[in-house]
Structure formats: structure tokens, C-alpha cells
Peer 1: 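I am attaching a structure below and will ask some questions about it afterwards.
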Amino acid sequence: MFDKILIANRGEIACRIISTARRLGIQTIAVYSEADSNSKHVSMADEAWCIGKPAAAESYLKTDKILDIALKSGAKAIHPGYGFLSENASFAKSCFDNDLIFIGPPVNAIEAMGSKSSAKEIMTEANVPLVPGYHGDDQSVENLLDASKKIGFPVLLKATAGGGGKGMRIVESEDEFAEALASCKREAKASFSDDEVLVEKYLTQPRHIEIQVFSDNFGDTVHLFERDCSVQRRHQKIIEEAPAFGLSDEIRTKIANVAIKAADAIGYSGAGTVEFLYDQDGSFYFMEMNTRLQVEHPVTEMITGLDLVEWQLIVANNQPLPLQQHQIRCHGHAFEVRIYAEDPDQDFLPATGTIVHLNTPEQSLNVRVDTGIRQGDEVSIYYDPMIAKLIVWERDRDTALARLRGTLADYQVVGLTTNLKFLSALAANEAFNMQQIDTSFIEKQQQSLFSEKAPISDESIALAALYILQSRVTQSHLNASVSNDPFSPWHQVTGWRNNEKNSHQLEFIDTESAAPITARIHFEKSGYSIEVNNASYTATGKLDNKQLSANLSGRRIDAQVIEYNDQLHILTHGKSVALGFINDDHQAYSNDESSGLIAPMPGTVISINVKVGDKVTQSQPLLILEAMKMEHTISAPYNGVISEILYQAGDMVEDGAELVIILEDEA
Ligand code: ADP
């Protein structure tokens, strides 16, 4: 086995690879950008080298620099992880040319699957079933439209060089075709420097089922069962599970065998995933093959008990596969959820910021947290905003789902917007529990997943009030201990006030609705009574650092309270609320309400569809912003007239910048 490998990646996958390498006694070399100098993967590796500026193009994609460090530091092989250079055939070739082993498939296998259209050609020859479509060279609008009409709308346009759900457009009818094609090509060009597209029949209710395959250099290929990744947003996976529910043994074997055939057709070696669309009637179609380790590989590891990174290293070291097909067993059920810095309520817009507070569920044989992010780290605009993957395993699907709900309730992140609440709603969703899933799941379950925001409970407000009172107790003890007269009544916070009533008011604000909330406090001999709205609690509590042990009218509640950004974040098991604290001096609270016309994140203006003086109606698209290589449409929040446009196409805009001013219609 190699004694030293370089990991050309960052974040959770770099950490994941380092863990296995360490277990196998292999030394690891990390590379990092200037933005990642204090990151977890850097501290975990035996050696770490800075490779440039934060932007991926100036660091993690700098092949020469990475190769140079590998050679200089005596690495024998390079693991590319996923993303970045993992499916870059010319990088794999450069490794080979420099006598370095690329931990991945042979160059020609990457090339064969690198373009979705050439992959389809190879699969047609190997008799692998394909979704009806057009994947030829004639890219003229007329030809692509013609092909779409033949296939029948709705169709899906896909960048042939695409990945990560980018460069895809569903086209419902002929009228939408030209605009969708232009936008798809634009995104394809920006993301992959290649604007070639293909057309496919758009299946309306398929499932995404993929097979994990593994091949060695001696002509053997096995499968490690399937994963169901149907729950997606923007064609990107949010939750994955293994095995896929409801498949007959016959279908399961049939799909797996087709996947093995696909791998064999390109002389595969190493870990690969063959993705299929699985239709309601049991038919399935090849979509693409990913020639690398997938983000969701842990669910396969959980059901097979195997370490896929270890297998990758074994195969790259030119050893045969450790097990034969009949020795590979599927046991129990596993789920993975991707915890993202993003806002599900704003069409899953990526978020950035610093993780001010982080609490992860306890890990065990059944619970795994794969992450490259620690408390204090920043999620920046430069990379994918995934914070962690939470993976659970149990003997069957229902128990695994229950475990998922329990562990999600223990996950706490403060400092940036995350999808945690959304994931909890997903894990509790009835249709999800009942296995009523296809790729349009999120749209169909809109109502239960994005339910109206409930007002903050009286109990949470009472907890917030108790926290403030107890913090003052702590502070006054501190003050007393350093003052000349530690026994002075002025240090008391039990309610004794010169010429004041034995009661007090604390003013809060619900950060979501901006509604003010008052908590009335009466100081009692022991503890307080707290009135919020029509509820009244007797309250006592102990504050240890940020941990509040409260007793509210006889009920014991443990909460973490994090003060951040003029807000109190109250975190109890499975619940997180944020309250603005105006305090008892009635200070003004500033609430920057967004009109919907500000840039939701830093980006570039791609096009402006309106001009000054135009009448616009609510939801009418006004301009397109590109941020994190994705297009975001900024729409009118109300009917009105455009009075000012503050940017032009091509301009860079800052996060929060006002883009357009609309005079609202009076009516
Ligand atoms: P990427 O390489 O960007 O991940 P894929 O080709 O793997 O793109 O497709 C991503 C997702 O888009 C699939 O999992 C599926 O949900 C959806 N999708 C792709 N092709 C079709 C299709 N022809 N009909 C319906 N949905 C599709």
C-alpha cells in the first residue's frame, strides 16, 4: 500500500479520506486555499500546503501547483475526492505522466463519461436503456426545437458537460423554448465553459435510483446495491437512502446488472455510480455515470459495513477487489441528510456566514456526522455551502427515520441560515414516511414542508426572560465580588429597587414577524413569576455559561442560549427560536426589512428585463443575477412602476445592494 497520499480537496470529503488513510497507516498531505488555512482538513493532515487564493480556480483547481506539491512531498498517489478535479481527465493524465497514481478510474473512462452525450452513445451501443432524447452535434435552435417537438413536451435541456444540477431547464411548451435554451446555454457556459446541450423527455414522476459499482484492474466489477436520491431541490439531492424501498428483487438485480454492464462497457476501475431514472411502471433509464466517489457514499457504507475509501485505495494500489459479489451483503437501512447553509424559504438560496455556535449529535455505530466545519468556521461564497452530512442507520426504514428525527433535533447551528428545520419537517413528513416519493416530492409537499411560521411560543419567551434575569444575577455577583462593599443592596437583582415597584418589564421582538412581545416579571422570594401574553409561569433557573436549566411552573427545561447579532437564540431539543431583545430601556430595534429588490448575495447582473418607466406586475421577473454560478431571478414584489435601475448588465453587486426601485401602485 502507498505510504503517503495527497488529497486534492477540502472540507468534509478531505477529512473523510484522511480518516481512512490514518486508520490504514497512510500519511496524508492536505492542500488548502488562503480561505481555508485554519480549517479542519488542514489540522487533520500530517502535512499541509497552501496552494493559493480562495477562489477555486486559483487554488483547488490549480493542477500544476498540486502536482508540484505531490512530487515535492513524496506522495505516491492523489485522491481527488468529489467535485474539483475528480472528473478531470487531463488532471488524471498529468498524474500518470508524473508517475503519480490518480485514485480514480482510468483516463479514458473519465473521458467516456465526461460528456453526457458521448456517455449516451456508448450506452446505446452497450444496450443500456436511455430516456428518449437528442444528444447530437447540431446545436441550432431550430434543430433542438424540432427534436423537442418530436420527443414531446415537457422536455429537459441539459448541459452535456453539466453536473451538480447546473445548466438544466425544464421546458413545458414550445413558447418557452427559445428563452429556456438561451438561459441554459448561458449557465452552461459560465459553469462548464461549454454551452453544448442535449434534450431529453422530461419524466414527470420518476425516482432517482443509482447503483454503486466497484471495479478492479483485473476485469472484475461488483455492485454495492442501490441508493434512492429522489428528494431533490434544483435537481440536487437533499436526502438519500439505501436500500431503495419497494423494489422487487427482480428489478433490483436487473438494474444492478445493467450498471455493471455500463461500467464494463468503459473498462472501469475504482468507485463509480451509475444513475438511473426509475419510472412508476418499473422501467428505468440510464442517466449518467459519475466516475468518482459520491457525496452520498456513506449510506452504502452503512448498509454494507464496508469502507469505500479503503476499497478505492486497494484498487488504486492494483490489488483485486476485497470481496466477490456473493460476499457483499445489504443489512438494515440508512439515511443521509445534507445540512446546508441555505434558506429553504427563499428557494434554497445559499447562505454565508460564521458558525457562531455548533452542536452535533453524539456519534456512534448508528450515527455518523461527516463534516469539515467546526464552530467558529466561516461558510464563504467561494465553495459549496454544505456544512455537514448526517448519516443514520437502523434495522429498518421506519426505525432509521425515527433515529434521523431524533438526531436532527440535537443538531444546532447558530450564525447563519441553515436547512435544519426543513430537514426535520422532511423527516417527519407523512408522505416521506409512507414512501410516496418521486423527484417532484418537494413541490408536491410544499404545504407541509414550508408551513406558515408559527409565532414564538410563550414558553420560549419566558425562557428568554429567565435567561436575561439569570445573566444579570451572574453579572451582579461578579460586580459585587470586585466592589468595595459586596453586601450592598445595589448589587441585588431580586427585585429590590429604591423607590421602584417589585416588578419589571422586558421587551422582545419576534424576528420573523417583527411583532413586539412583552414579558412582565414579578420578583418573588425565590425566583420570579413571568407573564407573557395570557400565560403565567413561576420560574427559577440556573445559568452555567450558556446552558440554562430552567424550571417553568414545575417543568424542567434545558436550553442553550446564544447571544448573537442583537438576538437571543434559544435552543431546546428539536427547536430553535431567535428573539430580538429591545431590553428594558425601550431602545429602538432596527429591522432591515427587505423589499425583495436587493441582491440576496454577492453576484453579477446578467440581464435586466425592464427599463425606467415600465409598469410591472407582482412576480414579474425584473433581472437575472448570477451568484455562485447559478442564476437567480429577482422578481417584482408588488405592482408598480420602475422608477430607478441602479445597475447594468455585467455589473458586480454586493450582498444587500439595492438593485431596482419600484413605485408601488396605490390601488
Ligand atoms: P447532474 O449531473 O447535474 O446531477 P443529472 O443528469 O444527474 O444532472 O440529473 C439530476 C436530476 O435531475 C435527476 O436526479 C433527476 O431528478 C432530474 N432529471 C434528470 N433527467 C431527467 C429527466 N429526463 N426527466 C425528469 N427528471 C430528470
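In each ligand, atom 1 is the first atom listed, and ligand 1 is the first ligand listed.
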Peer 1: For Gly164, is at least one N or O under 3.5 Å away from an N or O on ligand 1?
Peer 2: yes
Peer 1: With a cut-off of 4.0 Å, which atoms of ligand 1 are near a heavy atom of Glu275?
Peer 2: 7 (O)
Peer 1: Taking salt bridge (charged side-chain N to carboxylate O under 4.0 Å, His left out) as the definition, give me every residue that meets it alongside Lys389, ordered by chain and number, with sequence neighbours left out.
Peer 2: Glu12
Peer 1: Quick one: look up the protein heavy atom nearest atom 24 (N) of ligand 1 and list residue, atom name and how far away it is.
Peer 2: Leu203 N, 3.0 Å
Peer 1: More than 12 heavy atoms of other residues, nucleotides or ligands under 6.0 Å from CD of Gln139: is that the case?
Peer 2: yes
Peer 1: Can you list the atoms of ligand 1 that are under 4.0 Å from a heavy atom of Leu156?
Peer 2: 18 (N), 19 (C), 20 (N), 21 (C), 22 (C), 27 (C)
Peer 1: Report, in ascending order of atom number, the atoms of ligand 1 lying under 4.0 Å from any heavy atom of His235.
Peer 2: 10 (C), 11 (C), 12 (O), 17 (C)
Peer 1: Give the atoms of ligand 1, by number and element, whose distance to some non-hydrogen atom of Thr439 is under 4.0 Å.
Peer 2: 16 (O)
Peer 1: Can you name the atoms of ligand 1, numbered from 1 with element, that are less than 4.0 Å from a heavy atom of Lys158?
Peer 2: 6 (O), 19 (C), 20 (N)
Peer 1: Looking only at protein heavy atoms, identify the closest one to atom 16 (O) of ligand 1 and say how far it is in Å.
Peer 2: Gln232 OE1, 2.6 Å
Peer 1: Tell me which protein heavy atom sits closest to atom 3 (O) of ligand 1, plus the residue, atom name and distance to 0.1 Å.
Peer 2: Gly165 N, 2.6 Å
Peer 1: Can you tell me the protein heavy atom closest to atom 2 (O) of ligand 1 and the distance?
Peer 2: Lys116 NZ, 2.5 Å
Peer 1: Which residue owns the protein heavy atom closest to atom 10 (C) of ligand 1, what's the atom, and how far is it?
Peer 2: Met168 CE, 3.5 Å
Peer 1: In this structure, is the centre-to-centre distance between the rings of Phe348 and Tyr340 below 6.0 Å?
Peer 2: no
Peer 1: I need the atoms of ligand 1 closer than 4.0 Å to a non-hydrogen atom of His208, numbered in the order shown.
Peer 2: 13 (C), 14 (O)
Peer 1: Pairs in or reaching into residues 237-247: which pass side chain to side chain donor-acceptor pair (under 3.5 Å), with residues at least two apart or in two chains?
Peer 2: Glu210-Lys237, Lys237-Glu275, Lys237-Glu296, Glu240-Arg338, Glu241-His333, Glu241-Arg397
